[in-house]
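Starting off with a structure, shown below.
Owing to the predicted nature of the structure, the values given are computational and were not obtained by experimental measurement. For this chain, numbers begin at 1 and follow the sequence in order. Computation of the quantities below employed the complete heavy-atom set of this structure, encompassing side-chain atoms and omitting hydrogens, waters and symmetry-equivalent molecules.
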Amino acid sequence: MSRRYCSLREAAEYLRDFGTRASMGVAVPAIRMIKRIDRIKSGQHQPGQTQVSSTLQDAPMDADSGEPPTEIPLEPVANEPRPPIGSLWRGGIPARRVKVTRTRDVVDIATGASLRQEISGDPGEKIRQWTSARPMGELWVDADGAVGGFVEGQERLLGYTGEDPESETARGFLVKRFYDIRDGKLIDIDSGSALRDTVRPICAERAREIEDAVAGVMEPGGTIRVTNYGDVLYLDETGTSRIAAVTPETWFPGHLG
């Protein structure tokens, strides 16, 4: 059965890629087919269940799991100069290049100076967000603090040195994991583990708050996902909403990279 799933998914991926390059109308139906295949394989799909209508696209392969996280293409707000985080970079690539060091610092290649003083919030978390999509080679930083890099050969907006736009519902790429609510607990479908049982004791209270928030909106046919930025999302036939924002410490270990 798994071989049949793989063959069908490969065919759908071929149609999606061909349709995108040729600007044909088969790309969106192929994306929906891929999503349905993944839901069937994970046990989330029920016959006759309404499928989420959002157009999710495959993003770069995850080096650890071998599975591609999925980009969430959201329409930018009117007059917004930048697309959503995770989208294709718009405009020319700026001259300022930076690199992530082995000590998880970000330095300007031209001057050797660290960017930590330019970063708002936790520099370590910002750097994790920029690099969890596995960008190749150097990154770049524009005058407004937008950070970009090459992900699977495509120029992507990875985030900002300053505060992220508040208007974005889902930042970055979907992690290839599925979750559910069982007996009031938020469960990782692959392992069957509950969030509150996997985090450190110091984070247990926050984990219960996240579980309660998700359980409060979960309905039959809904889907719970998380992005590499830590945005916990609820998807159903009405659209996508962000339920909570988490960090690697307050989420399932290893899921956010």
Side-chain angles (χ1 to χ4, degrees), residues 17 20-21 23 55-65 67-176 226-231 233 242 245-248 255-257:
D17 295 341
T20 300
R21 291 193 300 269
S23 299
T55 56
L56 304 179
Q57 298 181 6
D58 280 353
M61 294 293 291
D62 186 303
D64 295 330
S65 67
E67 292 285 355
T70 308
E71 177 195 352
I72 309 175
L74 302 175
E75 290 298 325
V77 176
N79 301 320
E80 187 178 74
R82 296 287 180 185
I85 295 172
S87 298
L88 291 174
W89 182 273
R90 291 179 183 171
I93 297 177
R96 189 185 188 192
R97 301 302 175 89
V98 301
K99 67 177 180 180
V100 179
T101 68
R102 293 182 179 180
T103 59
R104 304 302 291 172
D105 193 7
V106 179
V107 298
D108 188 305
I109 292 177
T111 66
S114 172
L115 271 66
R116 285 182 174 268
Q117 297 302 317
E118 303 177 31
I119 295 175
S120 299
D122 181 0
E125 176 62 9
K126 281 279 192 177
I127 294 169
R128 184 200 67 78
Q129 293 170 349
W130 300 343
T131 59
S132 60
R134 276 58 173 191
M136 300 297 294
E138 303 169 353
L139 307 182
W140 56 82
V141 181
D142 214 341
D144 63 347
V147 179
F150 285 99
V151 180
E152 287 293 307
Q154 294 183 312
E155 303 156 2
R156 297 278 181 178
L157 174 61
L158 302 177
Y160 296 86
T161 57
E163 297 293 334
D164 296 335
E166 296 181 357
S167 58
E168 294 193 20
T169 300
R171 300 164 296 169
F173 302 92
L174 284 177
V175 174
K176 198 64 178 182
V226 68
T227 72
N228 65 318
Y229 260 65
D231 291 337
L233 309 175
R242 180 165 61 189
V246 298
T247 65
H255 287 203
L256 297 184

If you compare all heavy atoms of Leu157 against all heavy atoms of Ala146, which two are closest, and at what distance to 0.1 Å?
CD1-CB, 3.9 Å
Please list, chain by chain and in numerical order, all residues satisfying ring-ring contact (aromatic ring centres under 6.0 Å, His included) with Trp140, sequence neighbours excluded.
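Once residues adjacent in sequence are excluded, the partners of Trp140 under the ring-ring contact (aromatic ring centres under 6.0 Å, His included) criterion are Trp89, Phe150.
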Is any side-chain heavy atom of Trp130 closer than 4.5 Å to one of Thr161?
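They are in contact (side-chain heavy atoms under 4.5 Å apart), so the answer is yes.
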Would you call Leu256 and Val226 a side-chain contact if the rule is heavy atoms closer than 4.5 Å?
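Sidechains of Val226 and Leu256: in contact.
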What's the verdict on salt bridge (Lys or Arg N to Asp or Glu O under 4.0 Å) for Glu118 and Arg96, showing C-alpha distance, side-chain angles and the deciding distance?
CA-CA 14 Å; Glu118 303 177 31; Arg96 189 185 188 192; 2.8 Å; yes
What are the two closest heavy atoms between Pro84 and Glu168, and how far apart are they?
CA-OE2, 3.4 Å
For Gly148 and Leu158, work out which heavy atoms get closest and say how close.
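Closest approach of Gly148 to Leu158, heavy atoms only: C-CD1, 3.8 Å.
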Trace of the side-chain contact (heavy atoms from CB on, under 4.5 Å) decision for Leu115 with Val107:
CA-CA 6 Å; Leu115 271 66; Val107 298; 5.6 Å; no
Is there a side-chain contact (heavy atoms from CB on, under 4.5 Å) between Val100 and Asp105? Walk through the geometry before answering.
CA-CA 6 Å; Val100 179; Asp105 193 7; over 6 Å; no
Set of salt bridge (Lys or Arg N to Asp or Glu O under 4.0 Å) partners for Asp164, sequence neighbours left out
Lys126, Arg171
Between Ile85 and Tyr160, what is the shortest heavy-atom contact and its length?
CG1-CE1, 4.0 Å
Using the test salt bridge (Lys or Arg N to Asp or Glu O under 4.0 Å), find all partners of Asp122 that sit at least two apart in sequence or belong to another chain.
none
Got a sec, which residues hit side-chain contact (heavy atoms from CB on, under 4.5 Å) with Ser120, two or more places apart in sequence or on another chain?
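Result, side-chain contact (heavy atoms from CB on, under 4.5 Å) vs Ser120: Glu163.
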Glu138 vs Arg97, salt bridge (Lys or Arg N to Asp or Glu O under 4.0 Å): CA-CA, chis, key distance, verdict:
CA-CA 6 Å; Glu138 303 169 353; Arg97 301 302 175 89; 3.7 Å; yes
List the steps, then state whether salt bridge (Lys or Arg N to Asp or Glu O under 4.0 Å) holds for Arg82 with Asp144.
CA-CA 10 Å; Arg82 296 287 180 185; Asp144 63 347; 2.9 Å; yes
Listed by chain and number, what are the salt bridge (Lys or Arg N to Asp or Glu O under 4.0 Å) partners of Glu155, not counting sequence neighbours?
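Checked Glu155 against salt bridge (Lys or Arg N to Asp or Glu O under 4.0 Å); zero matches.
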Measure the OG1-CG distance between Thr169 and Leu233 for me, rounded to the nearest 0.5 Å.
8.5 Å
Picking from Val106, Val147, Leu139, what satisfies side chain to side chain contact (heavy atoms under 4.5 Å, CB included) with Ile127?
Val106
Looking only at atom types and distance, does a side-chain atom of Arg242 sit under 3.5 Å from a main-chain N or O of Ala170, one as donor and one as acceptor?
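Answer holds: no.
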Closest contact, heavy atoms only, Asn228 versus Val175:
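Smallest heavy-atom distance, with atoms named: N-CG2, 3.7 Å.
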Ala245 and Asp231 have their tightest heavy-atom pair at CB-OD1, 4.3 Å
Which is it for Glu125 and Tyr229 under the side-chain contact (heavy atoms from CB on, under 4.5 Å) test, yes or no, and what are the steps along the way?
CA-CA 9 Å; Glu125 176 62 9; Tyr229 260 65; over 6 Å; no
Test salt bridge (Lys or Arg N to Asp or Glu O under 4.0 Å) applied to Arg104 - qualifying residues, sequence neighbours left out:
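Result, salt bridge (Lys or Arg N to Asp or Glu O under 4.0 Å) vs Arg104: none returned.
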